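The structure under discussion appears below in the form of structure tokens.
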Amino acid sequence: MQTFSRRQFLTHMGRSGVWLAFLAACGAGADAALKGLVGRGLLPVAWADEEALLRTKPDMTVLANQPINGEFAPHLLDDHITPSARHFVRNNGSVPARAKNTDPQGWTLVVEGEVTRPLALSLDALQQFPPVTQQVVIECGGNGRALFEPQVRGNQWTRGAVACSQWTGVRLRDVLKKAGLKSSAVYTAHYGEDQPLGAAQPFSRGIPIEKAMDEHTLIAYQMNGTALPALNGYPVRLVVPGWIGSCSQKWLNRIVVRDQMHDSQKMTGYSYRVPAYPVEPGSRPPKEDMVIATAWRIKSLITAPQATAQFQAGQQIAVRGHAWAGEGTVKEVLVSTDFGIHWEKTRLTQPANTYAWAHWECDLVLDRKGYYEIWARAFDDKGNAQPFRQPWNPKGYLGNVIHRLPVMGTT
Amino acid sequence: MISGSALALVWGLAAGEGNNQPSETVPAVQKPVIDEANPGPDVLTREYCSACHSFQLVQAQRLNRATWEWVMEDMVEEFGAGWITPPEQTVIIDYLVEHYGPEK
């Protein structure tokens, strides 16, 4: 009798496609079939065909493939508008079948809770609201986690879990107004079609009603002019500008308006929370001292040159990148090639719109051969600058330490 | 303008009764079956962690004992890996600290 190891089994089934056909044919029995296989350690079944989705992001540095999490090297993020193929992916569970199959049939967005007229909108109905198109920086709350010392738990994002694509959708506030907010409405709770890991609660986060009613907060159905890619939330996601990426729920299908702060697994404890005060690196403050991480801090990225590039001494180097500031605006970006002793100004191009990233550039020269680091440091309109060392928190959120890019000078 | 007919208004939807609950059934995480009779710490760790997520996620981290203990606590209490017995937890944490502990 032929036997398969677990890995051979999954590979075989993934290639043949028989597996999914089998499940589809099972209909109501599929769940039971799934559970049986789960019990024998043969699952996670939903992962079997996620490998194909990775081909939509060929340059992505994959941190994990179950669930898919990946970022892009800074030099791949040089575009002013990030192409969809280079937008990072932070998944908490498996990609919904609807997204894999690009199938909008049967999708609805339910809006309920503290509203006078609960809604269930089809995609067509959603698109009847006035459309808005804007470029928006979306950044995973854990971007920069790998730079925390001592290391903290979680996906080890370096710098590339950030992007600024063009999003088209409708204002969340228009939809909430249609539903009629009650005076008791204080917070949103977002839900999507993705299946959580293990026995975790469905991934769900929310935002204060004031942020939900901001004119820039969108329910998006297009990314860079076409339908959302499967990995970025097809058919519909939230785009909550300036705030950590988890607020921008992917595969969105339900918004519950609440009369209290949302209290899901991902809103409480240590999830997406930072200490209310500075803590000693490596320490773990009590839960009650943790507060919800919201807006991003001033930050910049060097997108040219590429790390470890070599330049002849005296040669002019085109240095450039982006800068963004959460709820603020970027005032200035300075660069240094001597570990912060001397700083040079850069030419700043203002963002295309509020919440898009700004662009900066300058020309630098390395005096002689040797090891150099190009440092970039951004300043916002409120007097904040990027820190030289990363302030620490136990889950590694909101990392915004300056970008240090190693380059070599040659003779 | 939004036409009345274009908007499907549904009245009286209560939380938990809509069709917009997670569409795929969430399988309870069951204990993986390991082929070997007496699996070593490496097999135990890899198989148990991989029951839910890529082992890559584990391999990328360098955490001290207190943090691996914290991770284990969350997996057992919040993410459905309650079948990891206390003795197995100790074996796995020791293995993690040895192989994925802080770089010296």
Side-chain angles (χ1 to χ4, degrees), chain A residues 5 30-31 34-35 38-41 43-46 62-67 69 94 96-98 106 108-110 112-113 117-122 124-125 128-129 146 150-156 174 178 191-202 253-254 256 265 269 282 284 394, chain B residues 1-35 47-48 50-64 66-68 70-71 74-82 100-103:
Chain A
S5 73
D31 288 338
L34 283 184
K35 281 179 178 166
V38 171
R40 290 161 49 205
L43 230 206
V45 86
V62 178
L63 303 187
N65 53 9
Q66 299 176 358
N69 281 284
S94 59
R98 180 193 306 291
T108 55
L109 174 62
V110 168
E112 59 187 353
R117 292 189 303 172
L119 309 175
L121 303 169
S122 67
D124 282 347
Q128 300 304 309
F129 289 90
Q151 235 192 65
V152 295
R153 55 185 286 197
N155 281 301
Q156 297 297 303
D174 288 348
K178 188 75 189 176
Y191 297 89
E193 293 189 293
D194 47 330
Q195 178 184 311
L197 288 185
Q201 283 181 13
N253 72 345
R254 190 159 65 110
V256 181
Q265 200 172 37
R284 186 171 159 197
Chain B
M1 278 305 293
I2 301 155
S3 73
S5 60
L7 274 178
L9 295 178
V10 176
W11 295 75
L13 261 182
E17 289 173 7
N19 62 345
N20 289 40
Q21 298 301 314
S23 55
E24 298 166 75
T25 305
V26 181
V29 186
Q30 293 177 40
K31 186 174 175 170
V33 175
I34 300 175
D35 294 340
E47 292 301 314
Y48 279 13
S50 306
C52 290
H53 57 76
S54 299
F55 196 62
Q56 246 180 316
L57 177 61
V58 175
Q59 292 171 306
Q61 301 181 56
R62 297 288 179 274
L63 307 177
N64 60 26
T67 311
W68 278 127
W70 181 18
V71 172
D74 283 355
M75 296 307 150
V76 168
E77 291 176 10
E78 286 193 52
F79 295 100
Y100 306 106
E103 278 149 353

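So you know, we letter chains A, B, ... as the sequences are listed, proteins then strands, and number each from 1. Just so it is clear, the model here is predicted, and its values are computed rather than measured. Basis for what follows: all heavy atoms, side chains included, without hydrogens, waters or symmetry-related copies.
- When the candidates A/Arg284, A/Gln156, A/Gln201 are compared by the number of heavy-atom contacts under 4.5 Å with chain B, A/Arg284 comes out ahead.
- Taking both residues in full, the closest heavy atoms of A/Arg153 and B/Val71 are given as NE-CG2, 3.5 Å, listed atom of the first, atom of the second, then distance.
- Contact annotation for B/Trp68: neither backbone nor side-chain heavy atoms come within less than 4.5 Å of a heavy atom of chain A.
- Looking at B/Asn64, neither its backbone nor its side chain comes within 4.5 Å of chain A, counting heavy atoms on both sides.
- Contact record, A/Val152 with B/Gln61: O-OE1, 4.3 Å, taken as the closest heavy-atom pair.
- Residues A/Asn65 and B/Ser54 approach most closely at OD1-OG, 2.8 Å, considering heavy atoms.
- Side-chain atoms of A/Asn155 and B/Leu57, non-hydrogen and from C-beta on, do get closer than 4.5 Å to each other.
- Closest non-hydrogen pair, B/His53 versus A/Leu197, comes out as CB-CD1, 4.2 Å.
- Residues satisfying the side chain to side chain donor-acceptor pair (under 3.5 Å) criterion with B/Glu78, sequence neighbours excluded, are A/Gln265.
- Between B/Ala60 and A/Gln151 the shortest heavy-atom distance is O-OE1, 3.9 Å.
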